[in-house]
Participant: 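Next up is a structure, given as structure tokens.
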Amino acid sequence: MLRFSQRECFKQKIRTDIDLPELSTGGKTALIGICGTAAVLLAASAWDIQLGLPTLITGVTTSAIVLARARKNPVNVIKGISWAVLPLVAGLFIVVEGLNKTGMTHQLSALLNAAIAQSETAAVWLSGSLIAVACNLMNNLPVGLIAGSVLQSTHTPDMVKSAVLIGVDLGPNLSITGSLATILWLVALRREGQQVSAWAFLKLGSVIMTAALIVALLSLWI
């Protein structure tokens, strides 16, 4: 669907005479740091360690080494951080905790069990579709956390769990508020002078996300 909807863009001639600069020493150091961070996070995940602190330590360490080797002023890096995103993420976690405290998780678990008891097929379609829509209303970070809590508190069939996972993964492609990754990418694009409006994203996402969601849910029966 993405290829079909963007077919006019692909008709334009693509430049091939582009000078590719060599990766600088700082870039190589950053690459090594990224690989090291990935290894640390995989190990922490394997040992069931919360990922927040290891991510902070490895990120700060890598940045410090890169800045020291390149002899750059850290103020420029600090200014480039999207600080507005931090309270957003904190607020999302507060929403999750608030829903847990109010008993919303138990109510959702009861509704899911009732839907599965009536029809597992209907539960698959409902859970996948509702989760996909909810990701755009709340962001997929809190929705994924809440969904994980609900699934852990119920004896859910694997097909329904897969439908929930599909909804969390594909649902955010509908709107710019669907995922934190989309928000961060938009911030990066705007720094480069590129503008993507919420309406343009929604028009494209409504076609691509819907088609991908339907096909992915149908694949559960294959």
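Below, all heavy atoms of this structure are taken into account, side chains as well, without hydrogens, waters or symmetry copies.
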Participant: I'd like to know if Val89 and Val95 are part of one continuous hydrophobic network [Ile/Leu/Val/Met/Phe/Trp/Tyr, side-chain heavy atoms within less than 4.5 Å].
Facilitator: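 Yes, it is one cluster - the side chains of Val95 and Val89 are joined through contacts under 4.5 Å.
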
Participant: Mind checking what makes side chain to side chain donor-acceptor pair (under 3.5 Å) contact with Ser127, not counting sequence neighbours?
Facilitator: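 By the side chain to side chain donor-acceptor pair (under 3.5 Å) rule, Ser127 matches no residue at all.
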
Participant: How close do Arg69 and Thr25 get, counting heavy atoms only, and between which atoms?
Facilitator: NH2-CG2, 3.3 Å

Participant: Could you report the tightest heavy-atom contact between Leu180 and Asn139, atom names first, then the distance?
Facilitator: N-ND2, 3.5 Å

Participant: Does atom CH2 of Trp47 have more than 12 heavy-atom neighbours, drawn from other residues, nucleotides or ligands, at distances under 6.0 Å?
Facilitator: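 Open.
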
Participant: Return the CG to CG distance between Asn140 and Asp169, rounded to the nearest 0.5 Å.
Facilitator: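 Here the interatomic distance stands at 8.0 Å.
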
Participant: Is a side-chain donor or acceptor of Ser206 paired with a backbone partner of Lys203 at a separation under 3.5 angstrom?
Facilitator: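 Indeed, once roles are kept as given, a pair shorter than 3.5 Å links the two residues.
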
Participant: Kindly give the heavy-atom pair with the smallest separation between Val143 and Ala134, and that separation in Å.
Facilitator: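 For Val143 versus Ala134, the nearest heavy atoms are CG2-O, 3.5 Å.
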
Participant: Determine the minimum heavy-atom distance between Lys161 and Thr156, stating which atoms define it.
Facilitator: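 Reported closest heavy-atom pair: CE-O, 3.3 Å.
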
Participant: State the CD-CD1 distance between Glu97 and Ile146, to the nearest 0.5 angstrom.
Facilitator: 10.5 Å

Participant: Atom CG of Leu92 and atom CG of Leu145: how far apart are they, to the nearest 0.5 Å?
Facilitator: 9.0 Å

Participant: Under a plain distance cut-off of 3.5 Å, with no hydrogens placed, do Ser153 and Ser109 share a side-chain donor-acceptor pair?
Facilitator: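 Side chains of Ser109 and Ser153: pair found under 3.5 Å.
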
Participant: Would you say Leu130 and Leu213 are hydrophobically clustered, going by side-chain heavy atoms of ILVMFWY under 4.5 Å?
Facilitator: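 No; Leu213 is not reachable from Leu130 via cluster members.
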
Participant: Please determine whether residues Ile176 and Val187 belong to a single hydrophobic cluster, defined as Ile, Leu, Val, Met, Phe, Trp and Tyr linked transitively by side-chain heavy-atom distances below 4.5 Å.
Facilitator: no

Participant: Whether the Thr177 and Ser175 side chains hold a donor-acceptor pair (N or O, under 3.5 Å, no angle test) is what I'd like checked.
Facilitator: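 Yes, because at least one side-chain N or O of Thr177 sits under 3.5 Å from a partner of the opposite role on Ser175.
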
Participant: Where is the tightest heavy-atom contact between Cys135 and Gly171, given as atom of each residue plus distance?
Facilitator: CB-C, 4.4 Å

Participant: Between Val40 and Pro54, what is the shortest heavy-atom contact and its length?
Facilitator: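 Scanning both residues completely, I find the closest heavy atoms to be CG1-CB, 4.1 Å.
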
Participant: Starting at CZ of Arg7, measure out to OG of Ser5 and round the result to the nearest 0.5 Å.
Facilitator: 8.0 Å

Participant: Can you list the other members of the hydrophobic cluster that holds Val215, where links are side-chain heavy atoms under 4.5 angstrom apart?
Facilitator: none

Participant: Just by distance, do the side chain of Ser219 and the backbone of Ala216 share a donor-acceptor pair under 3.5 Å?
Facilitator: yes

Participant: If Ile, Leu, Val, Met, Phe, Trp and Tyr residues are connected whenever their side-chain heavy atoms lie under 4.5 Å apart, and connections chain through other members, are Met138 and Val168 in the same group?
Facilitator: yes

Participant: Could you state the interatomic distance from CG (Leu108) to CG (Asn113), rounded to the nearest 0.5 Å?
Facilitator: 11.0 Å

Participant: Count I, L, V, M, F, W, Y as connected when their side-chain heavy atoms are under 4.5 Å apart, and connections chain through other members. Are Ile214 and Ile131 then in the same cluster?
Facilitator: yes

Participant: For Thr58 and Thr55, indicate whether the former's side chain and the latter's backbone hold a donor-acceptor pair under 3.5 Å.
Facilitator: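 Here the side-chain-to-backbone pair exists.
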
Participant: So how far is it from Ile116 CD1 to Leu111 CG, rounded to the nearest 0.5 Å?
Facilitator: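 Result: 11.0 Å between the selected atoms.
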
